[in-house]
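These notes concern the structure reproduced below.
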Number of protein chains: 2
Amino acid sequence: MRQISSRFSIAVHILSLIAVNPHDCTGDFIATSVNTNPVIIRRIMGMLKKAGLLEVRPGVGGASLLKQPEQITLLDIYRAVNVIEGDQLFRIHEEANVQCPVGRNIEHVLQAEFKAAQTALENRLAKTTLRQLTERFR
Amino acid sequence: MRQISSRFSIAVHILSLIAVNPHDCTGDFIATSVNTNPVIIRRIMGMLKKAGLLEVRPGVGGASLLKQPEQITLLDIYRAVNVIEGDQLFRIHEEANVQCPVGRNIEHVLQAEFKAAQTALENRLAKTTLRQLTERFR
DNA sequence: TTCGTTGAAACTAATATGGTTACAACAAGT
DNA sequence: ACTTGTTGTAACCATATTAGTTTCAACGAA
């Protein structure tokens, strides 16, 4: 199966760097720590910016958090970079045969189950804050 | 983001059909209910077979469950069709810069968090059985 | 004005997905 | 033995996402 994009883990990396070192965090510096291309970093920082998690100083460079690290959860970051239509983690096949009792009800029944599973995942992500993570970078 | 493949929802559909109607469930019949190509169904049935969830009668056609519906959970089905290396739902960027305190520890720290979130999802899937689903197809 | 930076467009390669056609192997009924 | 319907694969194909790259305009400060 296709894994959830490493955009998520990179976004956590970016925000951790800024939280630990609020000054001199340019895109190129972050790219060196992540060990990837600066454009990848800028793209993800653009998403984090759009989500209201950070602001970037154009021209001069550098970024800072718009919330306290204890108020940014993994779920916030996950949502910022996993732009998905309808926020549906699970895909359900469509247009099943309505002539069949199973085909007629499968979508509705699975919607409820998948939503419950997705919520369980998201609730766990919401339990961890950026602060808790940066405390472990010693 | 990329959603979890509809293979999963189709697999649930297939097993539900067989549970509700243990006779005359050929691949073509199932394909008609799912409203897709029979080869798609055969491919997924092959995965379910490999996972020990069902057996197929070659030549004559038809399939039957190898476990009772109350002993097949959504997690069993999920695992059968979501073949992923290491069962890691979340992907983590690799080869971060070890010179940096964040880069040096991010993988280890995120492994634990992502595993916890994935487990929360899987525990929820494990709570629902095929029997509970088929009861709702009335 | 120069320099480093950000933001964005355009492009590429690799991979997963859902679908299709085609065909050999198989088991039953006639 | 032949026919029929089915299963199990292989070989394609189109599409979308992902991660990465090159390029360049715009920006801000020294």
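Computation of the quantities below employed the complete heavy-atom set of this structure, encompassing side-chain atoms and omitting hydrogens, waters and symmetry-equivalent molecules. Chain naming here is simple, since letters A, B, ... match the order of the sequence lines and numbering starts at 1 in each.
Where DNA chain C meets chain B (any atom under 4.0 Å from a heavy atom), the bounding nucleotides read 5' to 3' are C:dA16 to C:dA27.
Residues passing the side-chain hydrogen bond (donor to acceptor under 3.5 Å, both in side chains) test with A:S16: none are found, sequence neighbours excluded. Take A:D76 and apply the side-chain hydrogen bond (donor to acceptor under 3.5 Å, both in side chains) test, not counting sequence neighbours, and it matches A:T73. Partners of A:E70 under the salt bridge (Lys or Arg N to Asp or Glu O under 4.0 Å) rule, at least two apart in sequence or in another chain, are A:R131. Qualifying salt bridge (Lys or Arg N to Asp or Glu O under 4.0 Å) partners for B:R104, counting only residues two or more places apart in sequence or in other chains: none. For B:R79, the salt bridge (Lys or Arg N to Asp or Glu O under 4.0 Å) partners at least two apart in sequence or on another chain are B:E122. Residues passing the salt bridge (Lys or Arg N to Asp or Glu O under 4.0 Å) test with B:R2: none are found, sequence neighbours excluded.
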Distances under 3.5 Å only, N/O to N/O: pair up the protein atoms with those of nucleotides 13-18 of chain D.
from: D:dT17; atom 1: O2; to: A:R2; atom 2: NH2; distance (Å): 2.9
from: D:dT18; atom 1: OP1; to: B:R2; atom 2: N; distance (Å): 3.2
from: D:dT18; atom 1: OP2; to: A:R7; atom 2: NH1; distance (Å): 3.4

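Listed here is the closest heavy atom pair of B:A96 and B:G103: CB-O, 3.4 Å. The shortest non-hydrogen separation linking B:E107 to B:I92 is O-CD1, 4.1 Å.
Contacts of residues 56-65 of chain A with DNA chain D (heavy atom under 4.0 Å): A:P58, A:G59, A:V60. Using a 4.0 Å cutoff on non-hydrogen atoms, the parts of residues 21-42 of chain A near DNA chain C are A:T26, A:G27, A:V39, A:R42, ordered by number.
In this structure a side-chain-to-backbone donor-acceptor pair under 3.5 Å is present from A:N82 to A:Y78.
At whole-Å resolution of the value, CZ in B:R43 and C1' in D:dA10 are 10 Å apart.
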Expected list for residues 39-56 of chain A: side-chain donor-acceptor pairs under 3.5 angstrom, two or more places apart:
none

Just distance, no hydrogens or angles: give the donor-acceptor pairs under 3.5 Å from side chains in residues 22-31 of chain B, sequence neighbours left out.
from: B:T26; atom 1: OG1; to: B:F29; atom 2: N; distance (Å): 3.1

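Neither OP1 nor OP2 of D:dT7 sits under 4.0 Å from any side-chain N or O of B:K49.
Separating the CD1 atom in B:I14 from the CZ atom in B:R7 is a distance of 11.5 Å, to the nearest 0.5 Å.
Taking a cutoff of 4.0 Å between a charged side-chain nitrogen and a carboxylate oxygen, B:E113 and A:K127 do not qualify as a salt bridge.
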